[in-house]
There are 2 protein chains.
Amino acid sequence: MPEGRTGQGYGGESLLFLTDEQLRQGIEAMFFAYRGFTADPDRILAELAYGRAHHRAIHFINRSPGTTVNNLLSILGVTKQSLNRVLRTLIGDGLVISKVGELDKRERHLFLTEQGQALEATLSDAQRARMRAAYKDAGPEAVQGFKTVLEAMMDADMRRAYAKLRD
Amino acid sequence: MPEGRTGQGYGGESLLFLTDEQLRQGIEAMFFAYRGFTADPDRILAELAYGRAHHRAIHFINRSPGTTVNNLLSILGVTKQSLNRVLRTLIGDGLVISKVGELDKRERHLFLTEQGQALEATLSDAQRARMRAAYKDAGPEAVQGFKTVLEAMMDADMRRAYAKLRD
DNA sequence: CTTGGAATGTCAACAAGGCTGACATAAACT
DNA sequence: AGTTTATGTCAGCCTTGTTGACATTCCAAG
């Protein structure tokens, strides 16, 4: 088989001969873009002595108020011990409240306080601003392609979690 | 101004009214996709007691053999001290060699050994396989859009580093 | 030519946030 | 009631980021 030319299929005029070089460019684009993706919230978080882990927790609690710790775990893909440390500080700082479940008292349901919502909005605004600028730059068809490829890149269980959030 | 509807411009039939909801979906897609993106190499690295940091170093040394530590730093966006720890173990394990610069003896030029190249290939193959599958799934126009949006998402200096690697 | 500052890389110590293990409590199932 | 299962918490370790201190080399000004 010819070197540096793997994969098959042909997509009309736009080639779908995927050379290793093309794939590597995609890999590097992903690497650099992710840095940009997190840069703005990271700056804000650093001033507050929080990290990316706090951001993720806040994001998904905002997204699904009342979600349980266990639920959050499966979305974030970390261990409960790891998440717990983050939640403890957020609760201690009054950004999140944890309510014992009424139906099942083992569960803790998580909510953002007003203060938590304020931080979420600040972080979200910064991240959305960059996203919006990128989308505008690239145009609508590019955005569609962007999402399609990202979704194809996920593992099955992540794709499920992602789809579930869209509902 | 109307709630949840920011940004402007209209892209023909494909809307470019970017609701906060649409942007949030993009953000979440990025989050989940990045996990998939790193999952395969991570599994391989874990068995070898290496981490993502080692992977990144190996990747870019392979990409630009003879690059200097300083050069690598600016690409990776970490401190030299952080990179140094990783390089030390890679050199100690015989995956990388560091040659004192002939012209400027302060510099160290980095190369992969055969063993280093072998690991790079293993990691690369795994990551490319997923990338290739995603590309095939999504189709050529989607791939173009994917790259366009990612590039628009980078900071200016990352975009420069990225472009430089394409050369 | 020498001397002081800039560039480059190394070593040490610390912090954030992953991880596993041990454990408490509540629910569920014989 | 007693065992098993689910959920959450506490303690301690490891990777990988950080800053600070320092050695070496280069270069330019005196």
Side-chain angles (χ1 to χ4, degrees), chain A residues 31 34-35 38-39 41-61 66-93 96-111, chain B residues 31 34-35 38-39 41-61 66-93 96-111:
Chain A
F31 171 67
Y34 198 77
R35 281 243 298 280
T38 57
D42 280 357
R43 258 189 296 276
I44 297 168
L45 290 158
E47 292 178 8
L48 303 171
Y50 290 135
R52 233 174 257 180
H54 301 85
H55 184 191
R56 292 196 281 262
I58 288 175
H59 175 99
F60 286 108
I61 293 172
T67 188
T68 62
V69 172
N70 215 23
N71 200 334
L72 205 47
L73 284 183
S74 61
I75 290 174
L76 295 176
V78 297
T79 58
K80 58 184 178 175
Q81 295 91 330
S82 191
L83 175 59
N84 185 255
R85 188 184 324 106
V86 169
L87 284 179
R88 214 185 313 160
T89 73
L90 289 175
I91 292 169
D93 294 353
V96 168
I97 44 178
S98 144
K99 289 185 180 169
V100 173
E102 295 185 354
L103 217 128
D104 185 335
K105 288 184 201 155
R106 291 173 303 181
E107 296 179 342
R108 302 294 131 90
H109 298 274
L110 303 168
F111 302 86
Chain B
F31 170 68
Y34 199 77
R35 281 240 300 278
T38 57
D42 280 358
R43 258 189 295 276
I44 297 168
L45 289 159
E47 292 179 8
L48 302 171
Y50 289 135
R52 232 174 259 182
H54 301 85
H55 183 192
R56 291 197 281 262
I58 288 174
H59 175 100
F60 286 108
I61 293 173
T67 188
T68 63
V69 172
N70 214 22
N71 200 336
L72 205 49
L73 285 182
S74 61
I75 290 174
L76 295 176
V78 298
T79 59
K80 57 184 177 175
Q81 295 91 330
S82 190
L83 175 58
N84 186 253
R85 190 187 319 108
V86 168
L87 284 179
R88 214 185 314 160
T89 72
L90 290 175
I91 291 170
D93 293 353
V96 169
I97 44 177
S98 144
K99 289 186 182 170
V100 173
E102 294 186 355
L103 217 126
D104 186 336
K105 287 183 201 155
R106 292 173 303 184
E107 296 179 340
R108 300 295 131 93
H109 298 275
L110 303 168
F111 302 86

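Scope of the values below: all heavy atoms of this structure, side chains included, with no hydrogens, waters or symmetry mates. Lettering follows sequence order; numbering is per chain, from 1.
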Item to complete: Let me see the working for B:K80 and B:N70 under side chain to side chain contact (heavy atoms under 4.5 Å, CB included), right down to the final yes or no.
Response: CA-CA 7 Å; B:K80 57 184 177 175; B:N70 214 22; 6.0 Å; no
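- Residue B:N84 places at least one side-chain N or O under 4.0 Å from the OP1 or OP2 atom of C:dT10.
- Taking only distance into account, the side chain of B:Q81 meets the base of D:dG20 through a donor-acceptor pair shorter than 3.5 Å.
- The aromatic rings of A:F31 and B:F60 sit tilted relative to each other, their planes meeting at an angle between 30° and 60°.
- Across D:dG8, C:dT10, C:dC11, the shortest atom-to-atom separation from the side chain of B:R88 is found for C:dC11.
- Place A:R106 and A:S82 on DNA chain C by their nearest nucleotides, and A:S82 ends up nearer the 5' end.
- Closest to the side chain of B:R85, out of D:dT18, C:dA27, D:dT7, is D:dT18.
- A sub-4.0 Å separation between OP1 or OP2 of D:dG17 and a side-chain N or O of B:T79 is absent.
- Between atom NE2 of residue B:H109 and atom CG of residue B:L103 there is a gap of 8.0 Å, rounded to the nearest 0.5 Å.
- Contact check, B:R56 against D:dG17: a side-chain N or O comes under 4.0 Å of OP1 or OP2.
- Of the candidates D:dT16, D:dG8, C:dA27, the closest approach to any side-chain atom of A:D104 belongs to C:dA27.
- Listed nucleotides: D:dG8, D:dT18, C:dC19. Nearest to the side chain of A:R108: D:dG8.
- Spacing between atom NZ of A:K105 and atom P of D:dT9 amounts to 17 Å, rounded to whole angstrom units.
- Taking the six-membered ring where the residue is Trp, A:H59 and A:H55 present perpendicular rings, their angle passing 60° and hence far from 30°.
- Using a 4.0 Å cut-off, no side-chain N or O of A:H54 falls inside it from OP1 or OP2 of C:dA16.
- The distance from atom CG of B:L73 to atom C1' of C:dA7 is 12 Å, rounded to the nearest whole Å.
- Taking for each of A:Y50 and B:V69 the nucleotide of DNA chain C with the nearest heavy atom, the 5'-most of the two is the partner of B:V69.
- Closest approach to the A:K80 side chain among C:dG9, D:dT7, C:dG18 is made by D:dT7 (side chain taken as heavy atoms from C-beta onward).
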